[in-house]
Student: 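Got a structure for you, written out below as structure tokens; questions coming shortly.
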Amino acid sequence: KNVAIVIGKTIHLYEVSATHFLNDKKWLKHEACHIRQFKENGFLTFIVKYLWESIKHGYYNNRFEAEARLAEEL
């Protein structure tokens, strides 16, 4: 139900307060990783790669999501 979506360099929150999100360090690190991925790949290139990964491997096995899950532990 609580959702955060990164588009470019902005984290968009849905049905979650900014305070709750900012206090969840793992979630914050996860979304910050997506911001870095956008920067490294470029806006449109990242979206295409992300969508391709999701189509090919599914959301959970998408390499960008796997990397973001790893970033949660740093």
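Residue numbers count from 1 along this sequence. Just so we're clear, the structure is a prediction, and the values are computed from it rather than from any experiment.
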Student: Below 30° counts as parallel, above 60° as perpendicular, anything between as tilted: where do the rings of His34 and Phe46 land?
Tutor: tilted
Student: Between Glu53 and Arg63 (salt bridge meaning N to carboxylate O under 4.0 Å), is one present in this structure?
Tutor: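 Salt bridge flag = yes for Arg63 with Glu53.
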Student: Within a strict 4.5 Å, meaning less than it, do heavy atoms of the Tyr59 and Tyr50 side chains meet?
Tutor: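 Tyr59 vs Tyr50: side chains touch.
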Student: Could you tell me whether Tyr14 atom OH has more than 12 heavy atoms of other residues or ligands within 6.0 Å of it?
Tutor: yes
Student: Check whether Tyr60 forms a cation-pi arrangement with Arg69 (NZ or CZ under 6.0 Å from the six-membered ring centre, at most 45° off the ring normal).
Tutor: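 Pair Arg69/Tyr60 counts as cation-pi.
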Student: Please give me the minimum heavy-atom distance between Glu15 and Asn2, naming the atom from each residue.
Tutor: O-OD1, 2.6 Å
Student: Under 4.5 Å between side-chain heavy atoms, counting indirect links through other Ile/Leu/Val/Met/Phe/Trp/Tyr residues: same cluster for Trp27 and Leu22 or not?
Tutor: yes
Student: Are any of the side-chain heavy atoms of Ile11 and Ile35 separated by less than 4.5 Å?
Tutor: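 Side-chain contact under 4.5 Å: yes.
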Student: Decide whether Leu51 and Ile7 are clustered together by the hydrophobic rule: side chain heavy atoms of Ile, Leu, Val, Met, Phe, Trp, Tyr closer than 4.5 Å, transitively.
Tutor: yes
Student: Report yes or no: does Asn23 contribute a side-chain atom to a donor-acceptor pair with the main-chain N or O of Thr19 at less than 3.5 Å?
Tutor: yes
Student: Among Glu67, Glu72, Lys25, which one satisfies side chain to side chain donor-acceptor pair (under 3.5 Å) with His30?
Tutor: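 Testing each of Glu67, Glu72, Lys25 against His30, the sole residue satisfying side chain to side chain donor-acceptor pair (under 3.5 Å) is Glu72.
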Student: Answer yes if Phe21 and Leu74 sit in the same cluster of Ile, Leu, Val, Met, Phe, Trp and Tyr residues linked by side chain heavy atoms under 4.5 Å apart, and no otherwise.
Tutor: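 Different clusters: Phe21 never reaches Leu74 through Ile, Leu, Val, Met, Phe, Trp or Tyr contacts under 4.5 Å.
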Student: Tell me whether Glu31 is salt-bridged to Arg36, with the criterion being a basic N under 4.0 Å from an acidic carboxylate O.
Tutor: no
Student: When rounded to the nearest 0.5 angstrom, what distance separates CZ in Phe64 from CD in Glu40?
Tutor: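 Here the rounded value is 9.0 Å.
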Student: If I compare all heavy atoms of Ala68 with all of Gln37, which pair ends up nearest, and what's the gap?
Tutor: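 The pair with the smallest heavy-atom distance is N-NE2, 4.3 Å.
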Student: Using a strict 4.0 Å threshold on nitrogen-to-oxygen distance, state whether Glu73 and Lys26 make a salt bridge.
Tutor: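 So Glu73 pairs with Lys26 through a salt bridge.
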Student: Hey, what do you get for CZ (Phe38) to OG1 (Thr45), rounding to the nearest 0.5 Å?
Tutor: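 Phe38 atom CZ to Thr45 atom OG1 measures 10.5 Å (nearest 0.5 Å).
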Student: For Leu13 and Ala18, work out which heavy atoms get closest and say how close.
Tutor: CD1-CA, 3.7 Å
